[in-house]
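As the structure lists them, so they are numbered: ligands from 1, and atoms in each ligand from 1.
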Amino acid sequence: MKIVFLGPPGAGKGTQAEKIIARLDIPQISTGEILRRAIREKTPTGLEAQSYIEKGALVPDDVVVRIVRDRIAEPDCKNGYLLDGFPRTLPQAEALATFETIDAVINLEVPNDLLIHRLSGRRVCAACGYTTHVDRGEDKCPKCGAALTQRKDDAPESVKNRLEVYDKQTKPLIDFYAGKGLLKNVDGSMPLEEVTAAILTALGCD
Ligand code: AP5
């Protein structure tokens, strides 16, 4: 199954993607993760992407389309994949449609005040990528023991910008995919396990 996860920053796309790929045995393709790794490794793509990401702007369409097209061509994607964070502009969605046919688009809906709470309290493990929230009271990564840190783009000014960018550039994709009969709205404000169950139901996989 070829799935797209849509939703604003902090909606829980990455958190839910981990659960769904384990259940469906397909790879997760997170453009945000791929770009952050490129920044850590100081590759040419990473150096180009860094300033956009830190201020909460989108990386140019041609860069992310190339990343996704190359990743989808890898053998582990032949039975499907979950796109987390792509597409997020109309030109990206139109480009994707030229080389792939998507089966379902899950749109995670979460009100803005909850998004801000989730992003301001999010902590990530720099070593293994584990994601948590200060509300859970973890003082180090429970998976590998490394320190938990805050993403640079979770700083308040950057969060404000990301939410504005989402409204202007990504929200139009809701109508785009609804028009194709692919959109499934899921309430992302529920507890984690309930959101996972609702996504599986929406996908017809429960
Ligand atoms: P990306 O990494 O994709 O960030 P994002 O879309 O802003 O999404 P987030 O990772 O912030 O949130 P999420 O929805 O995954 O939430 P999470 O599960 O972590 O992109 C980063 C940047 O890269 C972009 O700004 C852009 O610059 C660039 N980029 C990436 N893709 C691009 C593209 N296609 N085109 C151009 N540029 C691109 O959850 C958030 C928090 O909430 C966590 O603490 C989690 O523990 C908690 N939480 C989640 N669900 C629940 C729940 N149900 N109950 C309680 N807590 C919850």
**Request:** Step by step, work out the side chain to side chain contact (heavy atoms under 4.5 Å, CB included) result for Leu82 and Lys2.
**Result:** CA-CA 6 Å; Leu82 192 163; Lys2 295 173 180 175; over 6 Å; no

**Request:** For salt bridge (charged side-chain N to carboxylate O under 4.0 Å, His left out), just list the numbers for Glu33 and Arg37, CA-CA rounded to whole Å, side-chain angles, deciding distance to a tenth of an Å, and then say yes or no.
**Result:** CA-CA 6 Å; Glu33 274 307 315; Arg37 192 183 331 126; over 6 Å; no

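Side-chain contact check for Leu173 versus Leu183: every heavy-atom pair is 4.5 Å or farther apart. Considering only heavy atoms from C-beta on, Ile72 comes within 4.5 Å of Tyr81 through its side chain. Considering only heavy atoms from C-beta on, Ile106 stays 4.5 Å or farther from Leu6 through its side chain.
When hydrogens are left out, the protein atom nearest atom 23 (O) of ligand 1 is Ile53 CD1, 3.6 Å; that is the closest non-hydrogen contact. Given atom 16 (O) of ligand 1, the protein heavy atom at minimum distance is Gly12 N, 3.2 Å. When only non-hydrogen protein atoms are considered, atom 44 (O) of ligand 1 lies nearest to Thr132 O, 2.8 Å.
Here Ala57 has backbone heavy atoms under 4.0 Å from ligand 1, and that is the only part of it that gets that close. For Leu58, heavy-atom contacts with ligand 1 shorter than 4.0 Å involve the backbone as well as the side chain. When non-hydrogen atoms are compared, ligand 1 lies under 4.0 Å from the side chain of Gln92 (C-beta onward) but not from its backbone. Residue contacts with ligand 1, taken as heavy atom pairs separated by less than 4.0 Å, involve Leu35 solely via side-chain atoms from C-beta onward. In His117, neither the side chain nor the backbone holds a heavy atom less than 4.0 Å from any atom of ligand 1.
At least one heavy atom of Gly10 sits less than 4.0 Å from an atom of ligand 1. Leu119 counts as a contact of ligand 1, since one of its heavy atoms falls under 4.0 Å from the ligand. Within the 4.0 Å heavy-atom shell around ligand 1 one does not find Gly7. Ligand 1 lies less than 4.0 angstrom from a heavy atom belonging to Arg151.
Between the side chains of Gln169 and Thr89, no donor-acceptor pair of N or O atoms lies under 3.5 Å. Using modelled atom types and a 3.5 Å distance limit, the side chains of Thr196 and Gln16 yield a donor-acceptor pair. Side-chain contact annotation: Glu18 with Tyr130, donor-acceptor N/O pair under 3.5 Å absent.
Residue contacts with ligand 1: Tyr52 is placed with no nitrogen or oxygen under 3.5 Å of a nitrogen or oxygen of the ligand (distance criterion only). Looking at Val59 next to ligand 1, an N or O pair under 3.5 Å apart turns up. Any N or O atom pair closer than 3.5 Å counts here, and Gly56 shares no such pair with ligand 1. At a 3.5 angstrom cut-off on N or O pairs, Gly85 counts as close to ligand 1. Where the criterion is an N or O separation shorter than 3.5 Å, residue side chain and backbone included, Arg122 meets it with respect to ligand 1. Considering both main-chain and side-chain atoms, Thr31 comes within under 3.5 Å of ligand 1 through a nitrogen or oxygen pair. In terms of N/O distances under 3.5 Å, ligand 1 is not approached by Phe86. Considering both main-chain and side-chain atoms, Met190 comes within under 3.5 Å of ligand 1 through a nitrogen or oxygen pair.
Under the 4.5 Å side-chain heavy-atom criterion for Ile, Leu, Val, Met, Phe, Trp and Tyr, Val110 and Val186 are members of distinct hydrophobic clusters.
Looking at Arg122 and Asp135, no side-chain N of the basic residue comes within less than 4.0 Å of a carboxylate O on the acidic one, giving no salt bridge.
The CG atom of Asp84 lies 7.0 Å from the OG1 atom of Thr31; values are rounded to the nearest 0.5 Å. With rounding to the nearest 0.5 angstrom, the NZ atom of Lys42 is 7.5 Å from the CD atom of Gln50.
Closest approach of Met1 to Ile26, counting heavy atoms only: O-CD1, 3.8 Å. Here the shortest heavy-atom pairing between Ile29 and Arg71 reads CD1-CG, 3.7 Å.
Screening Leu182, Val105, Leu90 for a side chain to side chain contact (heavy atoms under 4.5 Å, CB included) involving Phe176 leaves a single residue, Leu90.
Close approach of ligand 1 to Thr15 (heavy-atom distance below 4.0 Å) involves ligand atoms 17 (P), 18 (O), 39 (O), 45 (C), 49 (C). Remark: ligand 1 atoms within the under-4.0 Å shell around heavy atoms of Arg36 are 2 (O), 21 (C). Taking every non-hydrogen atom of Gly14 and a distance limit under 4.0 Å, the qualifying atoms of ligand 1 come out as 13 (P), 15 (O), 18 (O).
The closest heavy-atom contact to atom 46 (O) of ligand 1, among the options Glu194, Arg136, Arg123, His133, comes from Arg136. The nearest non-hydrogen atom to atom 7 (O) of ligand 1, considering only Lys13, Arg162, Arg118, comes from Arg162. The closest heavy-atom contact to atom 3 (O) of ligand 1, among the options Glu18, Glu33, Arg88, comes from Arg88.
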